[in-house]
A.B. asks: 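Structure incoming, see below.
Here the structure is a predicted model, which means the values were calculated and not measured.
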Amino acid sequence: DKAEKLTAIGKARVDVVKANRKIAQAMTRIGDRVFQLFEDEQEATLTEDADVVGAIEEIRALRREIGRLEEEIERVKAERSESQSVAPTE
């Protein structure tokens with residue numbers, strides 16, 4: 001049971017790192033697209049640009065997922081603490 005909980009925490013942490021990496025990639029795409037729009041003198045269309053809006057939506061979803069994963073990590077840690085604090089009865 002302890003090994004399963006540690007494995008769950010480790011997996012969730014890896015998933016958080018992966019999500020943060022995807023956020024960084026999306027931010028880069030936004031930056032590239034915004035730069036291109038400014039170069040093309042189309043910055044007024046920024047909030048209507050499908051690439052920008054799509055990347056922003058992806059970032060928002062990933063941030064929600066990170067929040068869920070962090071809550072899961074804390075939940076498993078709390079369960080682990082509770083199970084360790086309960087003295088075995090013999």
Side-chain angles (χ1 to χ4, degrees):
D1 190 45
K2 180 179 178 180
E4 288 175 13
K5 289 179 181 176
L6 290 174
T7 300
I9 290 171
K11 181 186 177 320
R13 286 183 177 156
V14 167
D15 290 344
V16 167
V17 169
K18 288 179 182 179
N20 278 318
R21 190 173 302 127
K22 288 179 182 180
I23 287 173
Q25 292 168 345
M27 293 279 196
T28 299
R29 287 195 317 271
I30 289 171
D32 290 343
R33 185 63 183 147
V34 168
F35 180 79
Q36 187 60 50
L37 289 171
F38 272 87
E39 285 288 299
D40 295 343
E41 297 180 2
Q42 296 179 15
E43 61 272 9
T45 64
L46 187 62
T47 58
E48 298 169 5
D49 186 83
D51 292 334
V52 172
V53 172
I56 289 170
E57 289 173 356
E58 178 183 2
I59 290 168
R60 287 177 177 157
L62 288 165
R63 285 183 174 167
R64 284 190 300 271
E65 178 66 9
I66 288 170
R68 187 193 64 73
L69 289 166
E70 289 173 344
E71 287 175 4
E72 176 71 11
I73 290 168
E74 292 306 313
R75 184 187 62 74
V76 172
K77 282 182 178 179
E79 287 176 3
R80 198 172 126 225
S81 290
E82 289 171 10
S83 67
Q84 288 178 350
S85 65
V86 175
T89 56
E90 295 182 28

A.B. asks: Is the closest basic N to carboxylate O distance between Arg60 and Glu57 below 4.0 Å?
C.D. replies: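 Between Glu57 and Arg60 there is no salt bridge, as every charged N stays at least 4.0 Å from the carboxylate O atoms.
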A.B. asks: Do Val53 and Ile56 come within less than 4.5 Å of each other through their side chains, counting heavy atoms only?
C.D. replies: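 Heavy-atom side-chain distance check fails, nothing below 4.5 Å.
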A.B. asks: What's the shortest heavy-atom distance between Ala12 and Ile73, and which atoms?
C.D. replies: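 Looking at all heavy atoms of both residues, the closest pair is CB-CG1, 3.4 Å.
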A.B. asks: For the CD atom of Glu74 and the CD atom of Glu79, what is their distance to the nearest 0.5 Å?
C.D. replies: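 Going from the CD atom of Glu74 to the CD atom of Glu79 covers 12.0 Å.
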A.B. asks: First locate atom NZ of Lys11, then atom OG1 of Thr7, and finally report the distance between them rounded to the nearest 0.5 Å.
C.D. replies: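 One finds 11.0 Å between NZ of Lys11 and OG1 of Thr7.
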A.B. asks: Is Arg75 paired with Glu71 through a side-chain N to carboxylate O contact shorter than 4.0 Å?
C.D. replies: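 Answer for the salt bridge query: no.
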A.B. asks: Can you tell me which residue among Leu46, Asp51, Thr47 is in a side-chain contact (heavy atoms from CB on, under 4.5 Å) with Asp49?
C.D. replies: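 Only match with Asp49 under side-chain contact (heavy atoms from CB on, under 4.5 Å): Asp51.
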A.B. asks: Would you say Phe38 and Val52 are hydrophobically clustered, going by side-chain heavy atoms of ILVMFWY under 4.5 Å?
C.D. replies: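 Yes, it is one cluster - the side chains of Phe38 and Val52 are joined through contacts under 4.5 Å.
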A.B. asks: How long is the gap from CG on Leu69 to CG on Leu62, to the nearest 0.5 Å?
C.D. replies: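 It is 10.0 Å, given to the nearest 0.5 Å.
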A.B. asks: How many angstroms lie between atom CZ of Arg33 and atom CD of Gln42, to the nearest 0.5 angstrom?
C.D. replies: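 Arg33 CZ to Gln42 CD: 7.0 Å, rounded to 0.5 Å.
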A.B. asks: Closest approach of Ala26 and Ala55, non-hydrogen atoms and distance?
C.D. replies: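 Minimum heavy-atom contact is O-CB, 4.0 Å.
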A.B. asks: Does NZ in Lys22 sit with more than 12 non-hydrogen atoms of other residues, nucleotides or ligands closer than 6.0 Å?
C.D. replies: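 No, NZ of Lys22 has 12 or fewer neighbouring heavy atoms, counting only those of other groups under 6.0 Å.
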A.B. asks: Please name the pair of heavy atoms, one in Ile9 and one in Lys77, separated by the smallest distance, quoted to 0.1 Å.
C.D. replies: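 Minimum heavy-atom separation between Ile9 and Lys77: CD1-CG, 3.7 Å.
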A.B. asks: Starting at CD of Glu58, measure out to CE of Met27 and round the result to the nearest 0.5 Å.
C.D. replies: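 Here the interatomic distance stands at 10.5 Å.
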A.B. asks: Do Arg80 and Leu6 make a side-chain contact, defined as non-hydrogen atoms from C-beta onward lying under 4.5 Å apart?
C.D. replies: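 With C-beta onward as the side chain, the pair touches.
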